[in-house]
Every structure is written in structure tokens, then in C-alpha cells.
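Every chain is numbered from 1, with letters handed out A, B, ... down the list of sequences.
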Amino acid sequence: MAAPDHRAPGDPGTLATLLSDDPAEVAAHLLDGWLISQLGERVAVRITEVEAYGGVGQDPGSHAHRRRTPRNAAMFGPVGHAYVYFTYGMHWCANAVCADSGIAGAVLLRAGAPLTGLDDMWAARPAARRVRDLCSGPAKLCQALGLDGAFDGADLVAREGRVTVVDDGVEPPAEPGVSTRVGLSAGSDHPWRWYVPGDENVSARRTGTRRGRAGRAEAAGG
DNA sequence: CTTTGGATCGTCT
DNA sequence: GACGATCCAAAGG
């Protein structure tokens with residue numbers, strides 16, 4: 001909820017190295033890292049939920065499963081850059097590209113805990129009622145940080161980028177929550193979703209008959 | 001608190 | 001022409 005005072009963004013350089021590996025290997029390491037944008041002043045969140053997506057022929061749930069297309073091109077590009085896509089006719093979602101060069105892969109940034117720039121986030125998300133409504137979902141996160149198609153391909157590990165993912169040196173959870181991915185019709189069997197246990201800034205999984213199975217409020221429990 | 005239906009358009013078949 | 005890596009308002013317990 002409130003921003004811990006002791007946290008301070010560090011050197012983004014080490015992150016590029018981290019991301020040069022399989023999405024499923026690196027995804028959980030992004031938990032508790034910082035995602036910062038320059039909407040208004042400085043808007044920052046602590047990453048609380050991520051999902052891994054694989055490359056061609058590796059992952060039926062991935063946009064890159066079939067082949068490279070104009071939309072998913074960023075997934076085949078440099079590690080540490082953003083893959084931002086438009087979905088459901090109205091929402092943007094952002095990924096951090098990873099995997100070795102030439103092999104498509106990405107980590108979807110699904111949720112975050114607001115740290116700084118709360119005023120800008122409230123302004124960017126009029127529908128939000130509580131703090132946990134600001135960034136508790138991939139499209140909410142993008143809206144709160146002002147991320148859209150203009151950020152597709154942006155360098156997330158550049159020292160002075162418009163959007164930056166930063167490792168603040170704080171270790172990610174020793175035992176992160178794990179589950180299957182949200183909202184998929186294919187590839188939903190892989191346990192490639194990770195989240196900070198007990199954090200309320202985590203997306204709610206739909207429990208209805210449309211998809212998925214018995215998911216619950218996994219933010220609870222600890 | 002939970003559940004349901006609707007919005008809305010780019011992308012790929 | 002179909003379907004989303006989703007969110008929100010409304011309605012019911």
C-alpha cells in the first residue's frame with residue numbers, strides 16, 4: 001500500500017543480463033523490482049505479478065507461438081525492450097522481452113503496487129476507487145503508467161528511458177506464489193504465473209465458466 | 001463479498 | 001469473420 005521509504009532504484013544494467021534467459025526462468029526474478037514511467041512527475045510501482053510467454057513452437061498461449069508478425073515483432077527483438085500490445089478493442093498490456101537473441105520470449109507485467117506518483121495514477125485511472133484498483137491487472141498497470149503502443153519496442157533497461165524496469169537490489173520473494181496463467185484458451189496448463197504472496201495488488205482471476213478453473217483470490221493467504 | 005454480461009477493434013485466418 | 005495475455009458496472013447474497 002504505502003511506499004517503503006528504504007527502497008531506492010539502482011543500476012538497471014544488471015537487468016539486461018538477467019533477462020537474457022528463458023522467460024520461465026527469469027520471470028519471478030522481476031517480482032519486487034521497480035517499473036517506472038515519466039507520466040507527469042515520476043510514477044513508480046513495485047512489480048507484484050508476472051507471467052512468462054515463450055517463442056515459436058514453444059508455447060501455444062504466446063503471441064509468438066506461430067510466427068513473427070507485425071504485432072509481435074518486438075518479442076523477437078532486443079532483450080530488455082518492451083512488447084506492448086493492444087487487446088479487447090480497448091486495452092494495452094506490456095511485456096519485458098527476454099530469452100536469447102533471435103528467440104522470442106517475454107514476461108508480461110501483470111500488476112504492481114503503487115509507490116510514487118499516486119496523483120498521476122488516480123488521474124490516469126478515473127475508474128479506480130481504491131489504491132489496489134490502480135495497478136492490479138495488466139491493462140490497469142499500463143493505464144496507470146501511461147503506457148500504450150507508442151512504447152512498443154522501448155528500451156526498458158536504458159539509463160534514461162521513458163519507461164524503465166529497475167532492480168533495486170531487494171531480493172524477490174523466496175517463495176513466490178505460482179499458478180497457471182490467466183485468460184488463456186490454449187497453453188493454460190503451464191504454471192507460468194508468479195506473484196507476491198499476500199499482496200493485495202494482484203489481479204483477480206475470473207471464477208466463472210468462461211475459462212480457467214477454480215481460481216480464487218490468490219492474493220490472500222501469504 | 002461474488003457473479004454476470006457488455007464494450008470494442010486490431011490482428012490473424 | 002472470429003476471437004482475444006481485460007476491465008467495469010450492475011445486480012444479488
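- Remark: A:Y53, A:G61, A:H63 in residues 52-70 of chain A come within less than 4.0 Å of DNA chain C through at least one heavy atom.
- For the pair A:R205 CZ and B:dT2 C1', the interatomic distance rounds to 17 Å; values are reported in whole Å.
- Going from atom NE2 of A:H91 over to atom P of C:dG4 covers 15 Å, rounded to whole Å.
- To the nearest angstrom, C1' of B:dA7 lies 12 Å from OH of A:Y88.
- For the pair A:R132 and A:E200, the salt-bridge criterion is met [side-chain N within less than 4.0 Å of a carboxylate O].
- Applying the side chain to side chain donor-acceptor pair (under 3.5 Å) test to every pair with at least one member in residues 117-128 of chain A, sequence neighbours left out, gives these pairs: A:R125-A:Q143.
- Taking every side-chain heavy atom of A:F86 into account, B:dC9 is the closest of C:dC8, C:dA5, B:dC9.
- Proximity note for A:V182 (side chain, C-beta onward) versus C:dC7, C:dA9, C:dT6: the nearest is C:dT6.
- Nearest nucleotide to the side chain of A:M90, out of C:dA9, C:dT6, B:dT8: B:dT8.
- The minimum heavy-atom distance between A:T87 and A:C93, with the atom names listed, is CG2-SG, 4.3 Å.
- Distances shown here put a side-chain N or O of A:S185 below 4.0 Å from the OP1 or OP2 atom of C:dG4.
- Within the structure, no pair that satisfies the ring-ring contact (aromatic ring centres under 6.0 Å, His included) test touches residues 130-149 of chain A, not counting sequence neighbours.
- Screening residues 138-155 of chain A for salt bridge (Lys or Arg N to Asp or Glu O under 4.0 Å), with sequence neighbours left out, gives no hits.
- If you measure from atom CZ of A:R132 to atom P of C:dC8, you get 13 Å, rounded to the nearest angstrom.
- In secondary-structure terms, DNA chain B builds stems of at least 3 consecutive Watson-Crick or G-U pairs, each pair having both distances under 3.5 Å, at B:1-7 with C:6-12, B:9-12 with C:1-4.
- C:dC7 atom P lies 11 Å from atom CG of A:D133, rounded to whole Å.
- Using a distance-only test at 3.5 Å, with no hydrogens or angles considered, a donor-acceptor pair links the side chain of A:R181 to the main chain of A:A52.
- In this structure, A:L109 places its CG atom 13 Å from P of C:dT6, rounding to the nearest Å.
- Every residue two or more places apart in sequence or in another chain was checked for a ring-ring contact (aromatic ring centres under 6.0 Å, His included) with A:F151, and none qualifies.
- Look at CZ on A:R193: it is 16 Å from P on C:dA5, rounded to the nearest Å.
- Nearest to the side-chain atoms of A:K140 among the listed nucleotides C:dC8, C:dT6, C:dA5 stands C:dC8.
- The side chain of A:R125 approaches C:dC8 more closely than any other nucleotide in the set C:dT6, B:dC1, C:dC8.
- At least one donor-acceptor pair under 3.5 Å links the side chain of A:E51 to the backbone N or O of A:V182.
- Taking CZ from A:R71 and NE2 from A:H63, the interatomic distance works out to 4.0 Å, rounded to the nearest 0.5 Å.
- A:R181 comes within 4.0 angstrom of nothing in the nucleic acid, heavy atoms only.
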